[in-house]
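This report refers to the structure that appears directly beneath it.
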Protein chains: 2
Amino acid sequence: MSQQAVTVPPVPAARTRSRVRSEVPEATVARLPVYLRALSALADSGRTTVSSEALATASGVGSAKLRKDLSYLGSYGTRGVGYDVQELVLHISRALGLGQRWSVVLVGVGNLGQALAGYGGFDDRGFRIAALLDADPRRTGEVVAGLPIRPLADLDEVVRQEQVSIGVIATPASAAQEVCDRLVAAGVSSILNFAPTVLQVPQGVDVRRVDLSNELQILSFHEHRKAAAAGTAS
Amino acid sequence: MSQQAVTVPPVPAARTRSRVRSEVPEATVARLPVYLRALSALADSGRTTVSSEALATASGVGSAKLRKDLSYLGSYGTRGVGYDVQELVLHISRALGLGQRWSVVLVGVGNLGQALAGYGGFDDRGFRIAALLDADPRRTGEVVAGLPIRPLADLDEVVRQEQVSIGVIATPASAAQEVCDRLVAAGVSSILNFAPTVLQVPQGVDVRRVDLSNELQILSFHEHRKAAAAGTAS
DNA sequence: TTTTGTGAAATGATTCACAGCC
DNA sequence: GGCTGTGAATCATTTCACAAAA
């Protein structure tokens with residue numbers, strides 16, 4: 001059937017007043033981090049140059065798609081040779097806005113929130129957890145992954161003082177919309193939502209949703225079809 | 001900018017030998033779980049019927065899209081009235097293959113694996129964790145979320161005995177491909193991968209990837225663009 | 001009168017295939 | 001000779017807009 005997945009077009013498409021012309025297609029943006037990761041691995045293994053074919057294979061896509069994706073960023077390859085690994089890392093990083101270190105606030109330090117805080121996927125690549133917040137006052141002060149848990153009331157202060165522009169919601173579904181509203185009110189304009197709810201946000205705010213059971217259900221659909229197909233194998 | 005995201009077209013498109021004709025578009029499949037969740041909430045709140053407009057709003061999509069999506073499953077609405085909530089839940093569940101209970105094996109019981117095991121998103125909707133496996137022999141026997149951790153060597157036995165067809169990988173990136181190979185060898189044909197790697201799998205195996213730092217980087221891209229746009233506000 | 005279901009149009013993404021450059 | 005960059009063709013998805021059903 002397929003390959004890697006989970007991150008594409010459910011982003012409904014920008015509806016900005018002034019039609020800003022996004023230049024890089026959304027589907028391409030969603031793949032850039034994958035290329036970046038593959039390139040880092042190549043760099044670590046000592047490769048200095050790579051062909052579209054090789055990088056495409058490592059990223060689980062076709063080489064034509066890869067080349068078209070990269071072409072939106074500019075012409076950084078050399079015909080007959082390939083791409084310079086270091087240089088390409090730089091260009092993709094720049095396109096993704098990874099030149100700066102983004103501060104993130106994580107709300108909801110339960111099971112999942114703790115795992116996220118300790119995951120390493122943050123520092124890993126230019127992100128920094130500015131604070132952990134939790135609504136339960138009994139958790140205040142507890143230290144998780146080296147950071148003290150703070151009360152939700154500190155939200156505005158944290159966002160202002162730490163220049164936070166990305167919020168991660170790892171609360172139960174029932175609290176997610178309210179937390180989201182408060183994040184937006186505090187000035188956060190990008191949200192990563194792990195709670196199984198659809199958040200309502202004003203224009204100009206980006207939300208991405210990660211939902212375990214959604215993913216399982218999509219896999220279930222395909223399993224179901226495969227089983228049915230196998231049964232019909234005349 | 002946008003709305004909910006994270007689960008769509010990065011699924012490269014089916015490449016099955018015999019061109020099975022998928023009927024329901026991939027993009028639609030990725031949204032069905034969202035509708036299902038919204039419908040459950042409506043049912044809990046006592047609603048018995050819902051219009052495409054209302055359900056669309058609750059799901060973060062447009063009503064035309066919703067109606068077209070549902071039309072791939074059949075004509076289950078009543079003109080002038082809307083959809084019967086219970087009935088629609090049933091039809092979507094059936095389409096997703098949720099009539100049966102799927103058994104899942106979770107490999108890698110670290111930080112994230114533990115959070116997933118305890119998340120509740122499994123039992124929640126027709127999924128059952130058949131076993132927790134971990135490569136570290138020191139963890140064997142430890143009980144997490146009510147289940148004992150078993151050694152990786154038990155994989156084949158678990159898959160066979162428990163009729164497992166879905167595997168969840170929550171190992172470090174370095175171990176993911178090997179675990180994946182063993183899952184596939186054992187007969188698992190759908191994989192949910194939380195490790196930050198692109199898995200290579202044979203045809204007929206579905207992989208979906210969930211990657212925290214990918215999501216953050218996509219948000220970073222949009223933040224970056226918004227900041228640039230704000231700066232250019234002449 | 002309301003709201004579905006759906007052809008047809010518009011938009012977006014992928015793939016092809018090859019000219020151009022190293 | 002090998003490999004990129006990209007128009008043009010294809011395929012997929014979304015949106016429009018309205019006829020038909022309740």
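Worth saying up front: this structure is predicted, and the values here are computed from it rather than measured. In what follows, chains carry the letters A, B, and so on, assigned in the order in which the sequence lines appear, proteins first and then strands, with residues in each chain numbered from 1.
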Would you tell me whether B/Ser59 and B/Arg37 have side-chain atoms, one donor and one acceptor, within less than 3.5 Å of each other? no
Closest to the side chain of B/Arg67, out of D/dT13, C/dT14, C/dG5, is C/dG5
Taken to the nearest whole Å, CG/A/Leu55 to P/D/dT4 is 10 Å
Answer yes or no: side-chain N or O of B/Arg79 and base N or O of C/dT3 forming a donor-acceptor pair under 3.5 Å.
-> no
From CZ of A/Arg31 across to C1' of C/dA13 the rounded distance in Å is 8 Å
note: A/Leu66, atom CG; C/dA13, atom P; distance rounded to Å ~ 17 Å
Phosphate-side-chain proximity, B/Tyr83 and C/dG5, N/O vs OP1/OP2 below 4.0 Å: yes
key: Parallel, tilted or perpendicular: rings of A/His91 and A/Tyr76 (30°, 60°)   = parallel
Whole-Å distance, B/Glu87 CD to C/dT4 P, equals 14 Å
Partner of B/Asn193 under side-chain contact (heavy atoms from CB on, under 4.5 Å), picked from B/Gln177, B/Arg209, B/Arg208, is B/Arg209
B/Tyr72 side-chain N/O to D/dT14 phosphate OP1/OP2 under 4.0 Å = no
Whole-Å distance, A/Leu70 CG to C/dT14 P, equals 13 Å
When rounded to whole Å, the CG to P distance for the pair A/Leu73 and D/dT6 reads 12 Å
The residue, A/Ser71 or A/Val81, whose nearest nucleotide of DNA chain D is more 5′ is A/Val81
Rounded to whole Å, the OH-C1' distance (A/Tyr76 to D/dT6) equals 16 Å
Is the shortest side-chain N/O distance from A/Ser52 to OP1 or OP2 of D/dC3 below 4.0 Å?
no
### Query
Should we count CD of B/Gln100 as having more than 12 external heavy atoms under 6.0 Å?
yes
note: A/Asp69, atom CG; C/dT15, atom C1'; distance rounded to Å ~ 12 Å
DNA chain C nearest-nucleotide lookup for B/Val50 and A/Ala64: closer to the 5′ end is B/Val50
#### Entry: A/Lys68 vs D/dT6: side-chain N/O to OP1/OP2 distance below 4.0 Å
no
No-hydrogen, no-angle side-chain donor-acceptor test under 3.5 Å, A/Tyr119 and B/Asn111:
no
